[in-house]
Amino acid sequence: MSIIEKAEKTAKKVVVGAVCDILEKNPEDNIGKIFTLVKKLSTDEASMKSIEDIESDYNQVPSTKEYIDRILKDTNKNCLKKFFQNFLADAVWTGIPQREKWMKKEDTKIPFVLLISPSMKCNLRCTGCYAAAYDKGDGLSYEEVDKIVSEARTLGIHFIIILGGEPFFVDFMYKIYEKYSDIEFMPFTNGTLFNEEVSEKLVKLGNVMPMFSLEGFEEETDGRRGKGTFNKVMNGMDLLKNKGIPFGVSSATTRFNMDTVTSKKFINMLIEKGSKMSWYFMYMPVGDTPNIDLMLTPEQRIELGRRNRNIRETMPYFTIDFFNDAPYVGGCIAGKYYCHINSKGDVEPCIFAHIAVDNAKDKSLIDIFRGTMFKELRKRQPYNKNMLRPCMMIDNPHVIREVAKVSNAHPTDISAKAMLDNPEFQKKLEKYSEDFKPYADEAWKNDFNSQGNDEFSKG
């Protein structure tokens with residue numbers, strides 16, 4: 001490390017320490033100081049602009065001010081400091097230049113976030129769950145997860161999402177969370193296993209932010225996940241809210257619940273329960289019984305994006321639409337800004353794209369990222385000029401077939417095998433793509449002025 005790099009690292013450490021001191025005491029009364037200090041951590045023009053935009057919205061948009069003030073006031077101080085240190089300071093400001101070194105050195109892209117499924121074991125069997133097709137006997141050991149997380153941190157990854165199965169079935173993950181206290185972990189959970197003991201562990205750790213799965217209110221959630229699930233999730237939310245542990249919601253969005261999960265009534269309930277954010281994941285035809293008929297209609301898919309943006313602009317709440325927010329991140333992010341390691345150790349480009357070439361059990365992450373599949377995906381992105389059609393499976397279904405062939409990737413579940421080898425299933429996906437195209441083209445022109453984040457599109 002050069003003298004200049006050491007000086008920069010020391011300066012950043014001082015700034016991070018100063019922010020954490022404010023967060024420990026009365027952050028809601030010192031938001032101006034926080035913005036001033038955070039600007040000193042920005043590493044490029046894009047980061048600085050993002051900070052300035054948030055500050056401007058805080059000062060001018062009442063819903064944004066209410067949202068940020070609520071986070072600062074209601075969040076446990078340990079959790080608040082950990083999120084700032086791990087996600088903002090390490091994953092974003094320090095992590096970006098650390099990961100970019102590999103890009104400049106050898107054209108290898110290190111993802112911003114890593115997704116890991118330690119196990120497929122689950123106490124529920126939800127309709128349309130991609131995890132249903134995996135062998136419940138499979139699972140990564142503590143040593144294997146430890147290896148993966150250690151390598152990820154070395155590469156500059158400080159944000160890891162934990163999936164499954166049900167993440168809270170895997171007891172050794174608490175040891176992982178504790179050992180890697182400088183990483184922000186986000187487990188996506190069905191919410192049925194939360195109790196006082198679990199909440200006490202989470203508040204002590206501080207670096208774990210759960211995302212509860214909800215398909216709407218009691219009728220919609222229990223209809224997909226089983227009777228009594230909704231009330232168990234509500235109880236889990238209450239436990240975490242009372243202790244100031246930040247959490248959010250993940251909604252699998254189908255043509256039958258889209259209106260519910262985007263309604264003001266539903267969002268207001270989540271705000272009241274203490275949720276800080278929501279993810280909208282459009283139902284995908286994956287898993288053991290892929291069903292095209294559950295997918296959003298073309299009209300619904302465009303409307304979901306518009307409602308998602310409206311919620312962010314008018315309510316004190318943050319939402320992410322995995323597909324309709326693609327223009328902001330340059331289209332598809334699979335194999336570029338994130339990837340998934342399944343319970344067998346197979347490294348897949350996307351949580352829905354179940355193909356793999358390498359296995360993290362017997363190969364280092366850096367060598368996997370150097371591989372043909374990841375570079376082939378990045379070379380092709382964006383797959384077309386309209387970033388509202390970002391997906392390699394449902395918008396550009398030829399891409400997953402071509403990439404798998406070029407990189408010699410193999411399918412890791414039933415639905416991926418059908419995408420690669422089943423002409424009948426391929427025709428259904430191609431028809432969906434063709435039907436959606438005119439709606440996407442119109443929205444791309446009218447809603448986005450035919451412009452997306454070109455800089456992000458190539459990583």
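Atom NZ of K379 is surrounded by 12 or fewer heavy atoms from other residues, nucleotides or ligands within 6.0 Å. Within 6.0 Å of NZ in K417 there are 12 or fewer heavy atoms belonging to other residues, nucleotides or ligands. Around the NZ atom of K77, the shell of radius 6.0 Å holds more than 12 heavy atoms that belong to other residues, nucleotides or ligands. For CD of E106, the number of neighbouring non-hydrogen atoms (other residues, nucleotides, ligands) closer than 6.0 Å is greater than 12. More than 12 non-hydrogen atoms from other residues, nucleotides or ligands lie less than 6.0 angstrom from NZ of K361.
With hydrogens and angles ignored, the 3.5 Å screen pairs no side-chain donor or acceptor of N30 with any backbone N or O of K33. Side chain of Y177 to main chain of L202: no donor-acceptor pair is present (N/O by atom type, distance under 3.5 Å, no hydrogens or angles). Looking at N453, its side chain never comes within 3.5 Å of a backbone N or O of G330 through a donor-acceptor pair. No donor-acceptor pair closer than 3.5 Å links the side chain of E24 to the backbone N or O of K81. Remark: side-chain polar atoms of E166 are paired, donor with acceptor, to backbone N or O of N190 under 3.5 angstrom. N235 places no side-chain N or O within 3.5 Å of a backbone atom of N231 that could act as its donor or acceptor partner. Proximity of a side-chain donor or acceptor of S275 to a complementary backbone N or O of I271 within less than 3.5 Å is not detected. Between the side chain of Q98 and the backbone N or O of T154, at least one donor-acceptor pair lies under 3.5 Å. Listed for the Y337 side chain is a donor-acceptor partner under 3.5 Å among the backbone atoms of F456. A side-chain donor-acceptor contact under 3.5 Å links Y67 to the backbone of K276.
Of all the heavy atoms in A152 and I160, the pair that sits closest is CB-CD1, 4.5 Å. Between F230 and G216, the shortest heavy-atom contact is CE1-O, 3.6 Å. Taking every heavy atom of both residues into account, H410 and D346 meet most closely at NE2-OD1, 4.1 Å. Closest approach of P349 to L377, counting heavy atoms only: CB-CD1, 3.4 Å. Listed here is the closest heavy atom pair of N78 and V203: ND2-O, 3.2 Å. I183 and F159 make their closest contact through CG2-N, 4.2 Å (heavy atoms, listed as atom of the first residue, atom of the second, distance).
Residues N291 and Y283 form a side-chain contact, since some pair of their non-hydrogen atoms from C-beta on lies under 4.5 Å apart. By the 4.5 Å heavy-atom criterion applied to side chains, L296 and T253 are counted as neighbours. For the pair T108/R378, no side-chain contact is recorded, criterion being any heavy-atom separation below 4.5 Å from C-beta on. With a 4.5 Å cut-off on side-chain heavy atoms, V233 and L214 count as touching. Within the 4.5 Å cutoff, the side chain of I96 has heavy atoms near those of the R99 side chain. Side-chain contact check for N308 versus N324: every heavy-atom pair is 4.5 Å or farther apart. Counting heavy atoms from C-beta on, the side chains of T412 and K344 never come closer than 4.5 Å. Proximity of V357 to F374: side-chain heavy atoms (C-beta onward) are nowhere separated by under 4.5 Å.
Ring to ring, F188 and W279 are close: their centroids are under 6.0 angstrom apart.
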Do C391 and F352 pass the side-chain contact (heavy atoms from CB on, under 4.5 Å) test, and can you show the C-alpha distance, the side-chain angles, and the key distance before you say yes or no?
CA-CA 10 Å; C391 183; F352 300 120; over 6 Å; no
Go through it in stages, so that I can follow the logic: the residues are M48 and K39, the test is side-chain contact (heavy atoms from CB on, under 4.5 Å), and I'd like the CA-CA distance, side-chain angles, deciding distance and then a yes or no.
CA-CA 6 Å; M48 178 62 76; K39 288 176 187 176; 3.9 Å; yes
Dump the intermediate steps for ring pair (Phe, Tyr, Trp, His ring centres under 6.0 Å) on F194 and F168, then the final yes or no.
CA-CA 9 Å; F194 283 75; F168 285 93; 4.8 Å; yes
Going through the checks in order, is the side-chain contact (heavy atoms from CB on, under 4.5 Å) test met by S150 and Y180?
CA-CA 8 Å; S150 176; Y180 297 96; 3.3 Å; yes
Going through the distances and angles, do N86 and D182 end up as a side-chain hydrogen bond (donor to acceptor under 3.5 Å, both in side chains)?
CA-CA 5 Å; N86 298 348; D182 59 344; over 6 Å; no
Carefully, step by step, assess K82 and F87 under the rule side-chain contact (heavy atoms from CB on, under 4.5 Å).
CA-CA 8 Å; K82 287 284 188 181; F87 185 81; over 6 Å; no
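Ion pair E178/K175 not flagged as a salt bridge, since none of the NZ, NE, NH1 or NH2 atoms sits closer than 4.0 Å to an Asp/Glu carboxylate oxygen. The residues E376 and R380 are annotated as salt-bridged, a charged nitrogen and a carboxylate oxygen being separated by less than 4.0 angstrom. At a threshold of 4.0 Å, the pair E151-K147 counts as salt-bridged, since one of the basic side-chain nitrogens sits closer than that to a carboxylate oxygen. One finds no salt bridge joining D238 and K241 here, because no Lys/Arg side-chain nitrogen approaches an Asp/Glu carboxylate oxygen to under 4.0 Å. Under 4.0 Å is where a charged nitrogen must lie from a carboxylate oxygen, and between K73 and D69 no such pair does. Salt-bridge check for E200 with K243: passed, with a basic side-chain N closer than 4.0 Å to an acidic carboxylate O. The existence of a salt bridge linking K25 and D21 is excluded, since no basic side-chain nitrogen approaches an acidic carboxylate oxygen closer than 4.0 Å.
Taken to the nearest 0.5 Å, the NZ atom of K204 stands 13.5 Å off from the CD1 atom of I245. A distance of 12.0 Å separates CD of E52 from CG of D57, quoted to the nearest 0.5 Å. Atom OG of S407 is separated from atom NZ of K375 by 13.5 Å, given to the nearest 0.5 angstrom. Between H340 atom NE2 and I351 atom CD1 the span is 3.5 Å, to the nearest 0.5 Å. Here the OG atom belonging to S364 is positioned 11.5 Å from the CD1 atom belonging to I148, to the nearest 0.5 angstrom. Between the CE atom in M393 and the CE atom in M284 there is a gap of 3.5 Å [rounded to 0.5 Å].
Under 3.5 Å, the side chains of E144 and Y142 contain no donor-acceptor pair of N or O atoms. In the model, N257 has no side-chain atom that pairs as donor or acceptor with a side-chain atom of T260 under 3.5 Å. Residues Y317 and S278 have side chains that bring a donor and an acceptor to within less than 3.5 angstrom of each other.
The aromatic rings of Y338 and F322 lie perpendicular to each other, with more than 60° between the two planes, well past the 30° mark.
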